[in-house]
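First the structure, in the form of C-alpha cells, and then the observations on it.
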Amino acid sequence: MTLSPKPDLTSAPQPVKRQRMTRIQRRDQLIGIGRHLFAARGYDAVSIEEIAHAANVSKPVVYEHFGGKEGLYQVIVDRETTAVNEILHGALTTGKGPRESLESVVLGLLDYIEENPDGFGLMVHQSPDVLAGGQFSTIISDMGDHLDQLLGTYVEKLQFPPDAMSLYAQMLSGLMGIVGQSWAINRQLEKRVMAAHLVNLMWNGLHHLEAQPTLVTPEK
C-alpha cells in the first residue's frame with residue numbers, strides 16, 4: 001500500500017481572488033484559512049492581518065464574523081473537538097467486543113490524523129492563553145473517559161481497585177496521543193500496521209497487569 005504524502009503545514013495559503021460570497025460561504029472560507037494557519041504555526045504567530053490577506057478581505061470582515069482572532073480560533077477548535085469525539089463515540093457504539101472496539105478507536109484516530117492534518121495540528125499547537133486547560137489535553141482526557149467505558153467490563157475480571165481503570169485509561173489515551181503526534185509528522189509505518197502495533201501494546205499489556213502492583217526497587 002502506498003504511503004500518503006506528509007502534509008505540508010509550513011506554507012501559508014495564497015491569497016484568493018476576490019469574489020462575492022454569501023455570509024455562510026465567507027465564514028467557511030475564513031475558518032478554512034484560519035485552520036491551516038493556526039495548525040502550521042500556532043495561535044500566537046498568526047495575525048488577523050494575515051488571515052484577512054489570505055482571504056483577500058479587509059480585517060473588519062474577520063471581526064464581523066468572529067469578533068477577533070480568539071473567536072475564530074475557538075470556533076475552529078470546537079469543530080475539531082466535536083469531530084474527534086464523534087469518532088470515539090462511533091467506535092464505542094459498534095456493538096463489537098472490547099478488542100475490536102479498541103481497534104476501531106485507534107484506527108479512527110489515525111484516520112482523522114490522515115484526513116485532517118490541519119485539525120490535528122491545530123489541537124497540538126494549542127494556546128493555553130486562549131483555551132484554559134489546553135484543547136489537546138482535553139481531547140486526551142475525553143479519550144481516556146471513552147477507553148474507561150470501553151474497557152470497564154473487561155477489567156472487572158481482573159479484580160482491579162475501583163479507581164484503577166480510570167488511571168490506566170488515561171495512560172492509554174496519553175500513549176495514543178503521543179503516538180498520533182509522531183505518526184502525523186513521520187508516518188513511520190503504514191496506517192494499519194501502526195494501529196496493529198499500538199493495539200498490540202495496549203491490549204496485550206492489559207492481559208498481564210497486576211491488580212495490586214508493587215515496585216521491586218527498595219524504598220530509600
Not counting sequence neighbours, which residues clear side-chain contact (heavy atoms from CB on, under 4.5 Å) with [X]? List them please.
X	answer
Asn200	Asn204
Pro213	Tyr168, Glu210
Ile24	Thr22, Asp28
Leu201	Leu175

Write down the atom of [X], the atom of [Y], and the distance for their closest heavy-atom approach.
X	Y	value
Gly34	Ile76	C-CD1, 3.7 Å
Asp148	Ala169	N-CB, 3.6 Å
Gln29	Arg26	OE1-NH1, 2.7 Å
Gly68	Ile48	C-CD1, 3.9 Å

Sequence-distant partners of [X], salt bridge (charged side-chain N to carboxylate O under 4.0 Å, His left out), two or more places apart:
X	result
Glu49	Lys59
Asp111	Lys191
Glu64	Arg23

Are any of the side-chain heavy atoms of [X] and [Y] separated by less than 4.5 Å?
X	Y	value
Ile51	Phe38	yes
His197	Val179	no
Thr81	Val77	yes
Trp203	Glu103	no

| field | Intermediate values then yes/no, side chain to side chain contact (heavy atoms under 4.5 Å, CB included), Val199 and Arg99 | value | CA-CA 8 Å; Val199 171; Arg99 167 66 187 254; 3.5 Å; yes

Look up atom [atom1] in [X] and atom [atom2] in [Y], then write down how far apart they are to the nearest 0.5 Å.
X	Y	atom1	atom2	value
Ser182	Arg187	OG	CZ	11.0 Å
Leu198	Leu107	CG	CG	9.5 Å
Tyr63	Lys69	OH	NZ	9.0 Å
His36	Arg41	NE2	CZ	8.0 Å
Arg35	Asp118	CZ	CG	5.5 Å
Ile87	Asn116	CD1	CG	7.0 Å

| Which residues share a side-chain hydrogen bond (donor to acceptor under 3.5 Å, both in side chains) with Arg192, sequence neighbours left out | none

| Qualifying residues under side-chain hydrogen bond (donor to acceptor under 3.5 Å, both in side chains), relative to Gln170, sequence neighbours excluded | none

| query | Who are the ring-ring contact (aromatic ring centres under 6.0 Å, His included) partners of Phe66, not counting sequence neighbours? | reply | none

| Within the side chain of Trp183, is there an N or O that forms a donor-acceptor pair under 3.5 Å with the backbone of Leu189? | yes

| query | If two hydrophobic side chains count as joined below 4.5 Å and joins carry through other members, does Phe120 share a cluster with Met194? | reply | yes

